[in-house]
Amino acid sequence: MTEIRTPRLLLRRWNDDDLVPLSEINADPEVMRWIGDGSVRDLDDSAGDIERWEEEWDDEGFGLFAVELLASGELIGAVGLTVPGGLPEFSHEVEITWRLGRPFWGQGYASEAAHATLEFALQDRGLDRVIAINRAGNDESENVIRKLGMVADRDTTHPEYGHLLQVHSIDLTEYDA
Ligand SMILES: CC(C)(COP(=O)(O)OP(=O)(O)OC[C@H]1O[C@@H](n2cnc3c(N)ncnc32)[C@H](O)[C@@H]1OP(=O)(O)O)[C@@H](O)C(=O)NCCC(=O)NCCS
């Protein structure tokens, strides 16, 4: 069982109890604004997310963690690693990504989970490079990327939605965990 504890968070695999809290996060237009085509996701979509992320854990040995507050046991969102979907240009890369419920923004939780995820990628999974793909204008996400020490790699255009994507990367052999 893959679990990571940080000072305030538990990063773990997904279970059935996560469906309702995840679907509440996915139903918030402000959370979903910069993700995919910006649509909110309903209960069925959220069940599909959990299924897909769990399959990735089984197939790849990494995936998006369910992120829980140690103090309360609440699910606050999803942070972790994935092979970018729908972007053939990046099918050989591993991306770090994050999505927290709005009540949990601005408290350093995304960065805390992301640092633990990079350490997991390097020390546990032995990956040597991780990218982050950010839609231009998503300043909160870019702030997390910057704090992780990731550097600008290249810009590209989403093949389906046409929006500008800014790609950052980090060489994990140089990552100061
Ligand atoms: C992107 C997202 C995860 C960023 O979350 P966040 O809470 O802003 O990010 P952080 O964890 O870095 O916390 C930010 C702020 O918390 C504050 N903070 C409060 N308490 C803190 C603590 N104990 N430790 C660290 N920071 C703390 C800091 O001021 C920090 O801002 P700063 O870096 O400017 O100083 C969040 O906005 C989100 O879920 N957005 C919707 C989904 C999305 O767009 N995902 C990306 C595309 S896939």
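As the structure lists them, so they are numbered: ligands from 1, and atoms in each ligand from 1. Just so you know, these numbers use all the heavy atoms, side chains as well, and skip hydrogens, waters and symmetry mates.
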Residues that Tyr109 engages under ring-ring contact (aromatic ring centres under 6.0 Å, His included), provided they are two or more places apart: none
Any idea which heavy atoms bring Gly149 and Ile170 closest together, and the distance? O-CD1, 4.0 Å
If the cut-off is 4.0 Å to any non-hydrogen atom of Val144, which atoms of ligand 1 fall inside it? 4 (C), 9 (O), 12 (O)
Does some non-hydrogen atom of Met32 fall short of 4.0 Å from ligand 1? no
Any donor-acceptor pair under 3.5 Å linking the side-chain atoms of Asn138 with those of Arg135? no
Between Asn143 and ligand 1, find which residue part has any heavy-atom pair under 4.0 Å and reply side chain, backbone, both or neither. side chain
Could you tell me which residues satisfy ring-ring contact (aromatic ring centres under 6.0 Å, His included) with Trp34, sequence neighbours excluded, listed by chain and number? none
Should the proximity of Arg33 to ligand 1, defined as any heavy atom under 4.0 Å, be assigned to the side chain, the backbone, both, or neither? neither
So which protein heavy atom does atom 23 (N) of ligand 1 come closest to, and at what separation? Arg8 NH1, 3.5 Å
Can you sort out which atoms of ligand 1 are near Tyr109, meaning under 4.0 Å from one of its heavy atoms? 11 (O)
Arg99 heavy atoms, cut-off 4.0 Å: which ligand 1 atoms fall inside? 39 (O)
Between Phe62 and Phe120, ring centroids under 6.0 Å: no
Ligand-residue contact atoms, ligand 1 with Thr97, heavy atoms, under 4.0 Å: 48 (S)
